[in-house]
Amino acid sequence: MRGADRSKNTQNLDKRVCMTNCPTLIVTVGLPARGKTYISKKLTRYLNWIDVPTKEFNVGQYRRECVKIYKSFEFFRPDNEEGLKIRKQCALAALNDVRQFLMDEGGQVAVFDATNTTRERRETILRFAEQNGFKVFFVESVCEDPDVIAENIVQVKLGSPDYTHCNTEEAVADFMKRIKCYENSYQPLDEELDGDLSFIKIIDVGRRYLVNRVQDHIQSRIVYYLMNIHITPRSIYLCRHGESDLNIKGRIGGDSGLSAKGQEFAKSLGQFIQSQNIHDLKVWTSQMKRTIQTAEAVGVPYEQWKALNEIDAGVCEELMYEEIQQRYPLEFALRDQDKYRYRYPKGESYEDLVQRLEPVIMELERQENVLVICHQAVMRCLLAYFLDKTAEELPYLKCPLHTVLKLTPVAYGCKVESVCLNVDAVNTHRDRPSNVNVHRTAEDALQTVPPHL
Amino acid sequence: KPIKASFVFGTQFKIFWIKTASRPQFTNCPTMIVMVGLPARGKTYISKKLTRYLNWIGVPTQVFNLGQYRREVLQTYKNYEFFRPDNEEAMKIRRAYASNALKDIASYFTKEQGQVAVLDATNTTRERRGVIINFAKEKGYKVFFIESVCDDPEIIEANTMQVKLSSPDYENYDKEEALVDFLKRIDCYKMSYVPLDEEKDRHLSFIKIFNVGSRYLVNRVQDHIQSRIVYYLMNIHVTPRSIYLSRHGESELNLLGRIGGDTGLSSQGQKYAKALAEFIRGQSIKDLKVWTSHMKRTIQTAEALGVPYEQWKALNEIDAGVCEEMTYEEIQATHPEEFALRDQDKYRYRYPKGESYEDLVHRLEPVIMELERQENVLVICHQAVMRCLLAYFLDKSEDDLPYLKCPLHTVLKLTPLAYGCKVESFYLNIQAVNTHRDRPTNVNVARKPEEALQTVPEHL
């Protein structure tokens, strides 16, 4: 996860399979409004979530910083000498920052987001990568469907800083002329001429793919991910199981059933789902009683995923925080110091959870409308993926009981609607206390424990 | 197959709990995978490997190889003339057994609960593929084509040498004659070969593999299983290599006859680690990767090798839940019913608060995928884990898997060969306890303790 530094007290010599032994430069290719930035941002979010430090470098942004005010498409005309000079400078500035990120800042993957439509420009990048020892993987998006292009323009171009001073018609007209500026010199990746390069060509938003010379594990994972994402409108509903018997007692983990309030929530959830009139909804639960019982009340077929089970608290399973403080005060403090990487003795860490949830995320990407009934730590991990949260933020995301989050992809991100179903429940959220020192007092440790029976 | 969970409370219903669908469904209607390509392009290699992988991850799959149907009908193979496109009589026969294969596929889906059928044949004309597509449409099956295109004469010759010349077809030929005949056979198909076309066949779902994986064209992936198949095909390779599987050296808990836990090596175990290092050096393996689990005993074993190694949490031993660190005698004393249920269905049985072999396979899938991508690898793991990995490479069923023999202090060297895997077993001559418990004769929950403990190996 971004920003997750090794804790000083790492209690495990954790080494992951090396995704790649030299940095990788992903280079987008394609005319404007072909989804390059959408793909760049999404891929970056996914790679960071699976713990591959990744950053995107959008050349358009560099151009905006250089040329403060965008006047019109004329800037992009192929015969505009001044424009060409500035654009080349911006590209080189971005490559410079790429080098810094990959060499000096511990980055593993950099996504160079620009049109890169000529072989000449791509040659420049290849030489740059060779000089610095980076692997290059091209991601080209080819699309001629006018509806898709028009929708792109509406969703993300009209709101661009370039067009704040235009009305819709003017913006669309100008943007179409901008695309034209690139069309004549566009040299798509070719399976013969570019046969030695590593790339994926995405045709018509995923209807077809051409994949050439995948070099290593990370490229293989990237290809798999790109082949599973889609842009069909849909929503993902995330919620926890209804309040459980152990929740009421302030105990963590375990496999208890729903409390009376929990059962009430399950019924309300069923009604809420009915009222939403969702097309072809899939329902997923974990293999623990409390999520299954909640799903039963919704009344539609559901699938159980073991991967959705709550984080395993090992020796602390079914204990109250007060008991954990009493029996394992050192562990309790270490957890507060680095909640993302801390692993319960004989249990799991959030980091482990992310790894086990990866197939769930992959399948969520493939699916359309899905309701996931899961658990607090699991929901935090899933939410962090969709909302691009860091390793520091993830373990403290607020996921209260009896609340449904509706996530709808929009533009480059995700719209979140929070629906509280108005059934009382205990609070199970424990904030990070101010004192995380191993020598702290019991009161300091238990400062943020929510009330319970 | 209904997915809805039939959850019931209470231990008396434990037996039914085991049968509940525990995995998300890969596909909701049967899928036909149809191979396409000239002879000696790796179709059978891909068919068999893919089938092995799908069965291992729990998707019932079977190969239907038309060459086999032909051999059953014709009994003896004369020569390439049978495949000449102007051989009317042969054409009739070929259409007939192709049609039988389709009938058998339908029967596999409806009567044997199969989910995926792989039709391994050349299927090189649009006409033939049309027949298959219509058949599938009629029955409601999904179709996914896998085409292998290769022009490299070296690869084709290597294929021919490895698998064709030893085919039953060429039993009575000498090598040169066989090669000549086979090349004429390929020629018979070349004239009428119409590869899948990205324009004309754009409505079909397919993957075209060029030159053994340097390039792929993927069109219209319809669902999860097709996506997994594409991912798998894009990760396998044919570069010669070997995979070495071994357990950690004997551990302290092994000596005490206790299962699970996270102890270090016993003195014999440490001797094994040194012996393993010597053995590996002796093998002179190019660019060897070494993988361990996160548990002490595999890490300590790897340390003795003196080379870098990677730790995979996914390689950790099966979690025995409430039975962790117990002896079998203690399990019988404290959980006699669980013990019996495990013997009844060792593959699916899940220790309370623990895992099943089925769970293990699921968690090992990324390891298998990465093993496919890699070349020479030494995996130092655990008994149940090694059984799962071995079952994948040697195509063992769910019934056989939990009883595969994986003794301590023995290295298995697996080398892909033709359509399967050559196995060489190296016992490094360091004494160790036996940890293999066979299925006892009596698996009834009402059995006596002696019957339950009948097959427990000796320990301190």
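So you know, we letter chains A, B, ... as the sequences are listed, proteins then strands, and number each from 1.
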Toward chain B, the part of A:E365 with a non-hydrogen atom under 4.5 Å: neither
Chi angles and distances behind the side-chain contact (heavy atoms from CB on, under 4.5 Å) call for B:M369, A:Y224: CA-CA 12 Å; B:M369 196 65 87; A:Y224 184 42; over 6 Å; no
Interatomic spacing from CD1 in A:I203 to CZ in B:R202 - rounded to 0.5 Å: 12.5 Å
Over all atoms of both residues, closest heavy-atom pair of A:R366 and B:S227: NH1-CB, 3.4 Å
Interface residue of largest heavy-atom contact number with chain B, from A:E363, A:M227, A:K282, A:R213, under 4.5 Å: A:E363
Separation of B:F210 CZ from A:L210 CG (nearest 0.5 Å): 7.0 Å
Distance (rounded to the nearest 0.5 Å) between B:D319 CG and A:D312 CG: 7.5 Å
A:V223 portion near chain B, given a 4.5 angstrom heavy-atom threshold: side chain
B:K353, part contacting chain A, at a heavy-atom distance under 4.5 Å: side chain
A:E191 bridged to B:K208 by N-O distance under 4.0 Å: no
Electrostatic pair A:K201-B:E198, nearest N-O below 4.0 angstrom: no
Trace of the side-chain contact (heavy atoms from CB on, under 4.5 Å) decision for A:R208 with B:L217: CA-CA 7 Å; A:R208 202 173 350 135; B:L217 179 67; 4.0 Å; yes
Atom NZ of B:K49 with >12 non-hydrogen neighbours under 6.0 angstrom: yes
Side-chain heavy atoms of A:E348 within contact of B:K313, under 4.5 Å: yes
Spatial distance of atom NE2 (A:H217) from atom CG (B:N235) [nearest 0.5 Å]: 8.5 Å
